[in-house]
Each structure stands twice: as structure tokens, then as C-alpha cells.
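Owing to the predicted nature of the structure, the values given are computational and were not obtained by experimental measurement. Just the heavy atoms: all of them, side chains too, but no hydrogens, waters or symmetry mates, feed the values below.
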Amino acid sequence: MKEDKIQDIGFFQKYLSVWVALCMAAGVLIGKFLPAVPAFLGQFEYARVSLPVAILIWVMIYPMMMKVDFQSIKNVGKNPKGLFVTWVTNWLIKPFTMYAIATLFFYVVFKGFIAPDLAKEYLAGAVLLGAAPCTAMVFVWSTLTKGNPAYTVVQVATNDLIILIAFVPIVKFLLGVSNVSVPWDTLILSVVLFVVIPLAGGILTRMLVTKHKGAEYFENTFVHKFDNVTSVGLLLTLVLLFSFQGDVILRNPLHILLIAVPLVLQTFLIFFIAYFACKCLKLPHNIAAPAGMIGASNFFELSVAVAIALFGTTSPAALATVVGVLTEVPVMLFLVKIANKTKGWFSV
């Protein structure tokens, strides 16, 4: 990949995996040597939702939701094949292959390293990642593969609407199969808190700013004021999470790698399923590449938030979703490189 393409990513996003690793280390050290900090913050909780973490997650998600233009849905009928690939891959394939791959590795391949009770929660974290396809970072991946920006917006906008309907029942079903008890009210509350509210806030902000300042100001100036807000919110969340997770990690450092293996394999699998489906349907590369990227990457902010709400900040399930953050950027940049090098496979 050429350097000028990498520079299309913001500074924080370019080195996100480095910052994630540093924040993991900082959080673990805080939990080990300053345990009073996570103990104090852990007191602020409502309905099993950590209020400090909830605030930071809103800081992460809200700027992303502003970028989604739901007016684009009126173009949903134009070249629908790419949308069908996105929908089928994300909602009929991805959650179930994630469940299958994670089950294989956590319960069979890594049986000697992971106790059954831990395997169950790691699987729950993986399921939450698999049921939440990307809604924000995909704009970055689309740009790096020279994807059709207008079509990518439609893909993301429809995906966000499907999340509102499909996320809860899919997660409930797969966790039920895994013998993980999840109350409906907690799961629905999580989606309301971490999708519906920031989504409504993003739509309202877009409407108000566009009305008073114009669409050009909103797209070229206003949204860029928040470019680093999401990344900063993510990093602070990770420090907080890993301060809660310190003991678990120090007892099981190898588990970070073990969790990463099925997540990475799933990422490659889903990318190539969508990518080759687009090739078979003779879709142009600027639609095929983003279609692959949306399914391959995850809405990890939502996954982390729901894992915390369902299982707690110190849970192995929350740890599994955070490992998804750690692996996302380097793996996705590698897939961007593959997509760019295989552009010749497509007629357009």
C-alpha cells in the first residue's frame, strides 16, 4: 500500500492498534497498582451499566452517527445487488460463522488452555462482535480502496436500520444456543442506549446544522471537528476497561492471543465471501471492496457496550470484544491492500 493512501487515515486511526496496546498496558497497570481508581469508578452503575463507560461510549458513537446521511436511502433501488450482498453477508452469514468458528476454537482447538466457563464468555463476546457489522470505520476502508462514497453511505445507512431490528434477536438466539442467559430487557436497553439514542442525536445534529449552515459546511467543516473525539473516547474507554480487567489479564495473558485467532480468521472469511460474491455478480470494484469491508469489520463500540451491560466491566466477554478492537485495524489494512491489488479482477 502506498504511503499517500495510508495518510488518508487520521493520526489516531492510523496507529489505532498501537494506542490500543498502550491503553491496555496502562489500564492493567492502573488496576494492579492503583486499584482504588477502578473501585471508585465501579460504584457508578445503573441497571448493570457502568455510567463512566456509558458516557465514553456515547462520545465514541455519536460522531459516527452524524456522518450517516439517511437521505441516501432513497437511492436504495439503484444497483441493489451490492446491497443484497451486504445484507446477506452481514445478517444471514456473519453472526453464524462467527459462532461456529469461535465455538470450534474455544471449545475444541484451545480446550487445553481455556476453561469451559471462560470459553462460554469468550464465545459470548465473539457473538456480540459477529452480530454488529461496521457502521463507521468502513468509511475509512472505503476511502482507501477508492470505493463509491455515495453507495457506501447507502450500505451503511441501511445497515444501521437493520441493526435496530436484527441485533437483539440474533444475539439472543446465539447466546441462548450457547447456554448464556441474557435478559431481553437488558439487551434491548443496550441497543436503545448505544444505538437508538446516539443515532437520533446524530440525525438531529445533521438536520439542525445543515438547516442553519448548509450541507457543505456540515460535510467539510462541522463533522471534522469531531475527527479525533471518537478515537480519544475509545482509548479512554480501553484504559478504564483494562483497569477493571487487570487481574483477569495478568492471570491469563495468553488468552489475548487465543481470543484473537478466531476473530482474525472470521474477518478474512467474511471479507472474501462478500468480495467474491460481488465478483460473481459482476459488480464494480468500488462497490465490491466496501461490501467486503463492512462485513469484515465490526461495530466494536456497540459490542463493547453491550458486553459491559450484559456481563459487567470485568467480564471475560467484555475482554473478548476489546480484543476485537486490538485486531481490527492491522487486519483491515491488510485486507485493504488485498482489495487494491486485486482490482484487476473486476471489469470496472
Side-chain angles (χ1 to χ4, degrees), residues 1 5-6 8-10 12-17 19-20 60-61 63-65 67-68 82 85-91 93-95 97-98 101-102 125-147 149 151-160 162-163 166-167 194-195 230-231 234 238 259-260 262-275 277-278 287-307 320-340:
M1 182 184 301
K5 286 189 177 182
I6 295 178
D8 287 337
I9 305 181
F12 276 114
Q13 295 165 331
K14 178 180 177 183
Y15 297 107
L16 184 57
S17 289
W19 311 137
V20 167
M60 279 191 284
I61 296 177
M64 298 177 179
M65 294 306 190
K67 295 179 180 179
V68 180
V85 170
T86 299
W87 299 338
V88 170
T89 303
N90 290 349
W91 299 105
I93 298 176
K94 181 180 180 180
T97 55
M98 175 68 91
I101 293 172
V127 165
L128 290 173
L129 285 167
C134 188
T135 68
M137 284 294 285
V138 70
F139 290 118
V140 175
W141 315 133
S142 179
T143 298
L144 294 181
T145 56
K146 296 184 178 178
Y151 202 88
T152 301
V153 167
V154 178
Q155 290 171 303
V156 171
T158 55
N159 222 33
D160 280 350
I162 294 173
I163 283 178
F167 181 80
F194 303 117
V195 178
T230 291
S231 297
L234 171 63
L238 293 178
I259 294 169
L263 299 186
V264 171
L265 290 175
Q266 160 79 359
T267 301
F268 278 92
L269 173 66
I270 293 301
F271 171 79
F272 283 111
I273 287 175
Y275 198 55
C278 289
I287 289 177
M293 299 296 173
I294 290 175
S297 53
N298 301 305
F299 190 176
F300 50 74
E301 296 84 359
L302 174 62
S303 303
V304 170
V306 175
T321 59
V322 172
V323 174
V325 184
L326 180 64
T327 61
E328 171 119 346
V329 172
V331 174
M332 293 306 298
L333 284 174
F334 187 73
L335 289 175
V336 164
K337 190 170 186 177
I338 290 175
N340 287 335

- Donor-acceptor pair, Asn90 side chain versus Thr86 backbone, under 3.5 Å? yes
- Item | Flag side-chain contact, heavy atom, 4.5 Å: Phe272 against Ile338 | yes
- Message: I'd like to check Ile163 versus Leu302 (side-chain heavy atoms, cut-off strictly below 4.5 Å). Are they in contact?
- Response: yes
- Task: Walk me through it: do Phe271 and Thr267 pass the test side chain to side chain contact (heavy atoms under 4.5 Å, CB included)?
- Result: CA-CA 6 Å; Phe271 171 79; Thr267 301; 5.7 Å; no
- Message: With rounding to the nearest 0.5 angstrom, report the CG to CG distance, Leu144 to Asn340.
- Response: 7.5 Å
- Message: Show the nearest heavy-atom pair for residues Ile287 and Gly82, with the distance to one decimal.
- Response: CG2-CA, 4.0 Å
- Looking only at non-hydrogen atoms, find the nearest pair between Pro290 and Gln155 and report the distance. CB-OE1, 3.7 Å
- Query: For the residue pair Thr97 and Gln266, what are the closest heavy atoms and their distance?
  - Reply: OG1-OE1, 3.1 Å
- Query: At what distance, to the nearest 0.5 angstrom, does OG1 of Thr89 lie from CD1 of Ile273?
  - Reply: 7.0 Å
- Item | Leu129 CG to Ile259 CD1 distance, which is reported to the nearest 0.5 Å | 10.0 Å
- Taking all non-hydrogen atoms of both residues, which atom of Phe167 and which atom of Ala131 are closest, and how far apart? CD1-O, 3.1 Å
- With the side chain counted from C-beta on, respond yes when Leu269 and Lys94 share a heavy-atom pair under 4.5 Å apart, and no when they do not. no
- Note on the structure: Shortest non-hydrogen pair, Ala274 vs Ala291, comes out as CB-O, 3.8 Å
